[in-house]
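First the proteins, then the strands, lettered A, B, ... as listed; each starts at 1. Just so you know, these numbers use all the heavy atoms, side chains as well, and skip hydrogens, waters and symmetry mates.
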There are 2 protein chains.
Amino acid sequence: MTKNNTYKLTVCPMTYVLEILGDKWSFLIIRDMLFKGCCRYKQFIDSDEGVATNILADRLKKLTKHGLITQCKDPENGRQKLYHLTEKGLDLIPSILQLVKWSGHYDCNTVLSEKIMHYLNERFDEAVEIVRNEYLNNRHQPDQT
Amino acid sequence: MTKNNTYKLTVCPMTYVLEILGDKWSFLIIRDMLFKGCCRYKQFIDSDEGVATNILADRLKKLTKHGLITQCKDPENGRQKLYHLTEKGLDLIPSILQLVKWSGHYDCNTVLSEKIMHYLNERFDEAVEIVRNEYLNNRHQPDQT
DNA sequence: CTTAATAGCTTGCAATTTGCAAGCATTTTG
DNA sequence: CAAAATGCTTGCAAATTGCAAGCTATTAAG
């Protein structure tokens with residue numbers, strides 16, 4: 001099976017990531033945290049895609065169990081919880097941006113601004129840093145509706 | 001919702017890619033084509049993960065419908081079909097390699113060789129080209145078991 | 001030419017997962 | 001204290017999945 005080729009990348013483990021994120025909703029939850037600043041249950045429910053409440057609860061539990069997000073009580077409102085991405089979760093930004101790039105390129109219904117496409121095409125690593133810093137700088141803010 | 005921030009990447013379309021690939025099997029099928037040289041029905045069935053035959057047929061149909069793969073008759077054996085990645089499918093290599101990289105980094109059961117991790121970490125674009133060229137050079141070969 | 005074997009599916013059915021609606025506990029607001 | 005909001009949980013119908021069996025077309029063997 002394995003050829004004696006110096007450059008051949010024969011090993012390609014994806015089962016781990018697909019075990020955690022291989023469904024319709026998990027990636028979207030993380031995307032909503034990164035790009036829409038979602039960090040509360042209600043924000044995810046109100047998000048465009050319309051995830052069912054039991055599915056959301058299940059996925060948040062699963063993502064927490066696998067260490068991609070953390071939960072804590074909102075210090076400003078005790079009936080709310082705050083969900084935040086961990087380092088492990090943030091490290092999915094490159095994967096997510098590649099998927100976004102592919103979608104933007106092949107989905108004719110998607111309009112990605114030229115600037116964003118420029119970043120994704122020519123300065124990918126910068127784009128990753130921008131998204132990451134945006135997230136880290138804006139989280140925990142009192143009102144992010 | 002959209003802040004007036006020059007660098008904010010607010011639009012993040014992932015629904016398209018998740019519509020096509022947002023399940024347990026689709027990514028694995030493409031991975032098996034890229035990394036294991038799978039191009040026949042039986043090869044996918046015999047692959048480690050054990051996809052059910054009806055699911056495989058459904059996903060191959062779906063991937064074909066969305067233009068990620070093509071089907072043709074095997075010129076050497078009329079009862080076989082050959083499945084090949086299109087440009088659109090090959091353009092998923094960066095996404096897949098990012099997911100592999102993340103899995104390799106966070107799954108302690110996964111052992112990625114240092115050389116592969118080096119490529120993924122330091123020379124990502126090269127790794128993409130290597131995988132792509134490997135695929136293009138090796139497909140259509142008479143026997144790829 | 002007949003029979004058997006192989007590849008690529010399709011079909012039937014049970015089990016799991018999803019989606020929707022309703023309900024419930026805790027906290028805050030009036 | 002009553003009402004509303006938030007973050008869930010529960011029940012149930014509908015959709016999806018997984019397994020086994022079967023079916024068709026092509027090839028191989030006798």
Side-chain angles (χ1 to χ4, degrees), chain A residues 15 18-30 32-33 36-66 69-84 139-145, chain B residues 15 18-30 32-33 36-66 69-84 139-145:
Chain A
T15 43
L18 292 179
E19 216 172 273
I20 304 173
L21 297 158
D23 72 286
K24 194 180 163 188
W25 295 111
S26 303
F27 266 119
L28 286 178
I29 289 171
I30 294 185
D32 284 352
M33 296 178 81
K36 300 185 184 172
C38 291
C39 57
R40 298 187 188 91
Y41 200 87
K42 197 181 180 324
Q43 293 176 317
F44 293 110
I45 291 289
D46 293 345
S47 188
D48 290 338
E49 284 81 14
V51 61
T53 171
N54 54 343
I55 305 294
L56 177 62
D58 177 82
R59 295 302 187 277
L60 288 172
K61 211 176 286 175
K62 191 171 176 184
L63 293 174
T64 304
K65 178 184 134 204
H66 287 286
I69 64 175
T70 54
Q71 312 186 7
C72 65
K73 234 185 177 181
D74 185 345
E76 296 171 18
N77 188 335
R79 69 190 149 173
Q80 294 190 327
K81 269 189 188 176
L82 293 176
Y83 297 93
H84 288 303
R139 69 176 180 178
H140 271 285
Q141 303 298 69
D143 183 30
Q144 292 202 342
T145 309
Chain B
T15 43
L18 293 179
E19 214 173 275
I20 304 174
L21 297 158
D23 73 288
K24 194 180 163 190
W25 295 110
S26 303
F27 266 119
L28 287 178
I29 289 171
I30 293 184
D32 284 351
M33 295 178 80
K36 300 185 184 172
C38 291
C39 58
R40 297 187 188 91
Y41 199 87
K42 197 180 181 324
Q43 293 176 318
F44 293 111
I45 292 290
D46 293 345
S47 188
D48 289 340
E49 284 81 14
V51 60
T53 171
N54 55 342
I55 305 295
L56 177 62
D58 178 81
R59 295 303 186 276
L60 288 172
K61 211 176 285 176
K62 192 171 175 183
L63 292 174
T64 304
K65 178 183 132 201
H66 284 100
I69 64 176
T70 54
Q71 312 185 7
C72 64
K73 235 185 177 181
D74 185 343
E76 295 171 18
N77 187 335
R79 69 192 149 174
Q80 294 191 327
K81 268 189 189 177
L82 292 176
Y83 296 93
H84 288 302
R139 71 176 179 177
H140 271 287
Q141 301 301 67
D143 183 31
Q144 292 202 344
T145 309

Side chain to side chain contact (heavy atoms under 4.5 Å, CB included) partner of S26(A), the single match among I29(A), D23(A), L28(A)
D23(A)
Which whole-number value in Å describes the distance from I29(B) CD1 to dT17(D) P?
12 Å
Hey, is the main chain of Q43(B) close enough, under 3.5 Å, to the side chain of S47(B) for a donor-acceptor pair?
no
Hey, is the main chain of C38(B) close enough, under 3.5 Å, to the side chain of Y83(B) for a donor-acceptor pair?
no
Compare side-chain N and O positions of K61(A) against OP1 and OP2 of dT9(D) and report whether any pair is under 4.0 Å apart.
yes
Rounded at 0.5 Å granularity, tell me how far SG in C39(A) sits from CZ in R139(A).
10.0 Å
Whole Å only: how far is the CD atom of Q80(B) from the C1' atom of dT6(C)?
9 Å
Working to the nearest 0.5 angstrom, can you tell me the gap between Y41(A) OH and L60(A) CG?
7.0 Å
Intermediate values then yes/no, side chain to side chain contact (heavy atoms under 4.5 Å, CB included), L82(B) and T70(B):
CA-CA 8 Å; L82(B) 292 176; T70(B) 54; over 6 Å; no
What is the distance, to the nearest angstrom, from the CD1 atom on I45(A) to the P atom on dA5(D)?
16 Å
When the distance from CZ of F44(A) to P of dG7(D) is rounded to whole Å, what number comes out?
10 Å
Atom CG of D48(A) and atom CG of D32(A): how far apart are they, to the nearest 0.5 Å?
8.0 Å
How many whole angstroms separate atom CD of Q71(B) from atom P of dA25(D)?
17 Å
Under 4.0 Å between a side-chain N/O of K73(B) and OP1 or OP2 of dT26(D), yes or no?
yes
Over how many whole Å does the gap from R40(B) atom CZ to dG8(C) atom C1' extend?
13 Å
Does K81(B) make a side-chain N or O approach to OP1 or OP2 of dC9(C) shorter than 4.0 Å?
yes
Check this one for me: any side-chain N or O of K42(B) less than 4.0 Å away from OP1 or OP2 of dA5(C)?
no
Listed nucleotide nearest any side-chain atom of N77(A), set dT9(D), dT28(C), dG7(D):
dT28(C)
Quickly work out the E19(B) CD to dT16(D) P distance and round it to whole Å.
13 Å
For E76(B) and dT26(D), give me the distance from atom CD to atom P, rounded to whole Å.
17 Å
For nucleotides 15-24 of chain C, print each protein N/O atom paired with a nucleotide N/O atom at under 3.5 Å, atom names and distance only.
| from | atom 1 | to | atom 2 | distance (Å) |
| --- | --- | --- | --- | --- |
| dT18(C) | OP1 | R59(A) | NH2 | 2.7 |
| dT18(C) | OP2 | R59(A) | NH2 | 3.4 |
| dG19(C) | OP2 | W25(A) | NE1 | 3.1 |
| dG19(C) | N7 | N54(A) | ND2 | 3.2 |
| dC20(C) | N4 | N54(A) | ND2 | 2.9 |

Please confirm whether any donor atom in the side chain of R79(A) sits under 3.5 Å from an acceptor in the base of dT26(C), or the reverse.
no
